[in-house]
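This report concerns only the one structure given below.
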Amino acid sequence: MFSDSTTLAELKRTPEELLRYLYLDNSFPHGCYLMTGTGIVPPDGFTLASGDTVSITIPPIGTLTNQVR
C-alpha cells in the first residue's frame with residue numbers, strides 16, 4: 001500500500017493562474033471543474049497490479065475509487 005498527501009501550496013502555479021489558462025481558449029457557460037492531478041509520486045519500485053484499488057479522498061468532497069484493470 002502507498003499513502004501520502006499534498007496541498008495546493010505545492011502547485012507550481014496558483015489556482016488563479018491555472019484558471020486564466022483554462023479560460024483562454026475555452027468557454028464554460030455552465031461552469032467547470034479544474035482538476036490538477038494528485039501531485040503525489042510513489043517511490044521507485046511501486047507498481048499497481050490488475051485488481052488493485054486506487055482511492056483519493058478530498059475532505060469534505062468525498063472519495064474517488066478506481067480499480068486497476
Side-chain angles (χ1 to χ4, degrees):
M1 174 192 280
F2 172 77
S3 180
D4 205 345
S5 64
T6 189
T7 67
L8 288 177
E10 296 183 57
L11 288 173
K12 181 176 180 175
R13 294 183 172 87
T14 66
E16 294 79 16
E17 191 176 7
L18 293 172
L19 284 173
R20 273 185 261 133
Y21 285 113
L22 178 65
Y23 280 94
L24 278 176
D25 293 321
N26 304 286
S27 68
F28 303 95
H30 303 291
C32 69
Y33 288 98
L34 174 63
M35 307 300 282
T36 61
T38 64
I40 298 172
V41 178
D44 290 345
F46 179 83
T47 303
L48 293 170
S50 182
D52 286 349
T53 301
V54 176
S55 297
I56 298 173
T57 302
I58 304 172
I61 295 170
T63 301
L64 170 67
T65 301
N66 287 305
Q67 188 168 26
V68 178
R69 297 180 184 209

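On a predicted model such as this, the values are computed, not experimentally measured, just so you know. Side chains included, hydrogens not; waters and symmetry mates left out as well; all remaining heavy atoms used.
A search for ring pair (Phe, Tyr, Trp, His ring centres under 6.0 Å) contacts involving Tyr33 returns nothing, not counting sequence neighbours.
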Side chain to side chain contact (heavy atoms under 4.5 Å, CB included) for Glu10 and Thr7? Distances and angles first, verdict last. CA-CA 6 Å; Glu10 296 183 57; Thr7 67; 3.9 Å; yes
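Panel note: side chain Gln67, backbone Gly51; a donor-acceptor pair is recorded below 3.5 Å.
Listed by chain and number, the hydrophobic cluster partners of Leu24 are Tyr21, where partners are ILVMFWY side chains within reach of under 4.5 Å, directly or through others.
Hydrophobic clustering of Ile, Leu, Val, Met, Phe, Trp and Tyr side chains at less than 4.5 Å, counting indirect connections, unites Leu18 with Phe28.
The heavy-atom pair separating Thr47 from Asp52 by the smallest distance is O-OD2, 4.3 Å. Taking both residues in full, the closest heavy atoms of Cys32 and Leu22 are given as SG-CD2, 3.5 Å, listed atom of the first, atom of the second, then distance.
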